[in-house]
Amino acid sequence: MDLLPSSAPLAAKLRNTLIQYHSIGDSEWRVAKKTKDATVWRKPSKEFSGYLYKAQGVVEDVTNRIVDHIRPGPYRLDWDSLMTTMDIMETFEENCCVMRYTTAGQLWNLIAPREFVDFSYTTNYEDGLLTCGISLDYGEVRPNFVRGFNHPCGWFCVPIKDYPSHSLLTGYIQTELRGMLPQSAVDTAMSSTLANFYSDLKKALKPDK
């Protein structure tokens with residue numbers, strides 16, 4: 001079991017990596033899925049043999065409330081149908097922690113439940129927020145789970161200039177599910193999961209819910 005890394009350098013490196021992803025030109029992305037709530041693109045990842053996914057959609061709410069629903073905390077388990085458990089293992093500062101979470105099986109359980117241990121960091125970005133994470137090899141793997149690995153991932157959430165009650169939410173996700181899986185199944189699951197993430201989040205944010 002590895003020791004926990006120092007949080008400040010890891011947070012700075014993670015933030016810089018996500019900002020780099022955010023500056024990748026449109027021509028490098030290929031559309032993977034489009035729904036009324038979001039568009040998902042992908043390009044080959046430089047971190048592993050799979051894809052880096054980009055998802056984007058407009059969410060009707062203020063930036064802080066949206067990010068509070070995404071980052072580690074009490075809201076996420078309430079609405080994210082993929083996440084089945086979440087525990088904060090270590091807290092460095094208010095905006096920085098290590099969490100362990102598990103995900104449900106997907107594609108009729110072709111993809112079995114997974115466990116992840118992620119370093120999570122939330123910081124200001126332009127007029128909004130960036131919440132980002134990366135997996136750590138830390139803690140014992142629970143029985144009945146395959147330990148997955150998130151390469152640098154994150155969500156940029158910024159208010160739309162003329163509509164401050166609406167925010168543009170852009171995510172970058174590159175998850176290595178590990179285990180014996182056909183890559184085509186992983187790619188199908190990732191695109192659908194990201195599109196569903198937006199529709200589930202929008203339902204959770206509705207005041208009449």
Side-chain angles (χ1 to χ4, degrees), residues 1-2 4-5 7 9-22 24 32 40-56 67 69-73 76-77 80-90 92 95-107 111-123 129-142 145-157 169-179 181 183 185-198 200-201:
M1 180 178 93
D2 289 356
L4 280 175
S7 62
L10 182 56
K13 185 181 177 189
L14 188 57
R15 183 181 189 275
N16 291 339
T17 300
L18 265 298
I19 288 171
Q20 193 185 328
Y21 294 161
H22 208 35
I24 294 171
V40 180
W41 299 264
R42 72 182 191 190
K43 69 184 290 294
S45 169
K46 291 183 176 172
E47 302 283 346
F48 75 120
S49 60
Y51 288 102
L52 167 64
Y53 286 86
K54 173 183 177 179
Q56 191 171 69
V67 171
H69 277 69
I70 295 173
R71 66 180 180 169
R76 185 69 185 263
L77 274 177
D80 188 342
S81 56
L82 191 62
M83 194 177 276
T84 49
T85 66
M86 184 179 69
D87 305 296
I88 306 294
M89 298 171 79
E90 303 284 343
F92 299 106
N95 61 342
C96 212
C97 71
V98 174
M99 65 167 175
R100 187 209 309 256
Y101 66 94
T102 55
T103 58
Q106 298 175 72
L107 291 179
I111 299 175
R114 291 293 191 271
E115 174 189 77
F116 296 86
V117 172
D118 285 8
F119 172 82
S120 174
Y121 174 58
T122 302
T123 183
L129 292 167
L130 163 63
T131 185
C132 48
I134 186 170
S135 285
L136 305 174
D137 287 316
Y138 179 71
E140 298 301 318
V141 181
R142 294 184 210 184
F145 286 97
V146 175
R147 174 71 68 89
F149 193 92
N150 284 313
H151 296 278
C153 297
W155 296 91
F156 291 87
C157 191
L169 181 64
T170 309
Y172 297 90
I173 306 294
Q174 45 188 344
T175 300
E176 192 171 350
L177 289 173
R178 296 181 172 169
L181 289 172
Q183 190 61 41
V186 174
D187 297 339
T188 300
M190 285 301 297
S191 301
S192 297
T193 296
L194 282 168
N196 292 342
F197 183 92
Y198 279 80
D200 289 349
L201 176 61

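Numbers here simply count residues along the sequence, with the first being 1.
- A donor-acceptor pair is defined here as one N or O able to donate and one able to accept, closer than 3.5 Å; no such pair exists between the side chain of Tyr101 and the backbone of Leu77.
- For Met99 against Pro72, the heavy-atom pair with the smallest separation is SD-CG, 3.5 Å.
- When each of Ile88, Asp87, Leu136 is tested with Val98 by the rule side chain to side chain contact (heavy atoms under 4.5 Å, CB included), just one qualifies, namely Leu136.
- Between the side chain of Tyr198 and the backbone N or O of Ala55, at least one donor-acceptor pair lies under 3.5 Å.
- Annotation for Leu18 and Cys153: closest pair CD2-O, 3.5 Å, computed over non-hydrogen atoms.
- Of the possible polar contacts, none joining the Asp80 side chain to the Arg76 backbone as a donor-acceptor pair under 3.5 Å is found.
- Among Val117, Thr175, Ile134, the single residue meeting the side chain to side chain contact (heavy atoms under 4.5 Å, CB included) criterion with Asn150 is Thr175.
- Closest heavy-atom contact between Thr122 and Arg71: OG1-CD, 3.5 Å.
- Considering only heavy atoms from C-beta on, Arg142 comes within 4.5 Å of Thr102 through its side chain.
- If you take CZ on Arg147 and CD on Glu140, they are separated by 8.5 Å, rounding to the nearest 0.5 Å.
- Between Asp200 and Ser81, the side chains place a donor N or O and an acceptor N or O closer than 3.5 Å (distance only, hydrogens not considered).
- Side-chain contact check for Gln20 versus Asn16: every heavy-atom pair is 4.5 Å or farther apart.
- Summarising the geometry, atom CG belonging to Asn196 is positioned 9.0 Å from atom CG belonging to Leu82; distances are rounded to the nearest 0.5 Å.
- Leu52 has its side chain within reach of Tyr172: a pair of non-hydrogen atoms, C-beta onward, lies under 4.5 Å apart.
- The CD atom of Glu115 sits 7.5 Å away from the OG1 atom of Thr85 when rounded to the nearest 0.5 Å.
- Proximity of a side-chain donor or acceptor of Arg114 to a complementary backbone N or O of Arg178 within less than 3.5 Å is detected.
- One distance of note links CE of Met86 with OG of Ser120; it measures 9.0 Å at 0.5 Å rounding.
- Thr84 and Thr103 get closest at one heavy-atom pair: OG1-N, 3.8 Å.
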Could you please spell out the steps behind the side-chain contact (heavy atoms from CB on, under 4.5 Å) verdict for His22 and Phe156?
CA-CA 9 Å; His22 208 35; Phe156 291 87; 3.7 Å; yes
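- In this structure the side chain of Ile173 never reaches within 4.5 angstrom of the side chain of Thr193, judged on heavy atoms.
- A heavy-atom distance below 4.5 Å is not found between the side chains of Phe119 and Tyr138.
- Taking each heavy atom of Tyr121 and Cys96 in turn, the nearest pair found is CD1-SG, 4.0 Å.
- Looking only at side-chain heavy atoms (C-beta outward), Trp41 and Gln56 come within less than 4.5 Å of each other.
- The minimum heavy-atom distance linking Gln174 with Ser45 is given by the pair OE1-OG, 2.7 Å.
- Side-chain contact between Phe48 and His151 is present, with at least one heavy-atom pair separated by less than 4.5 Å.
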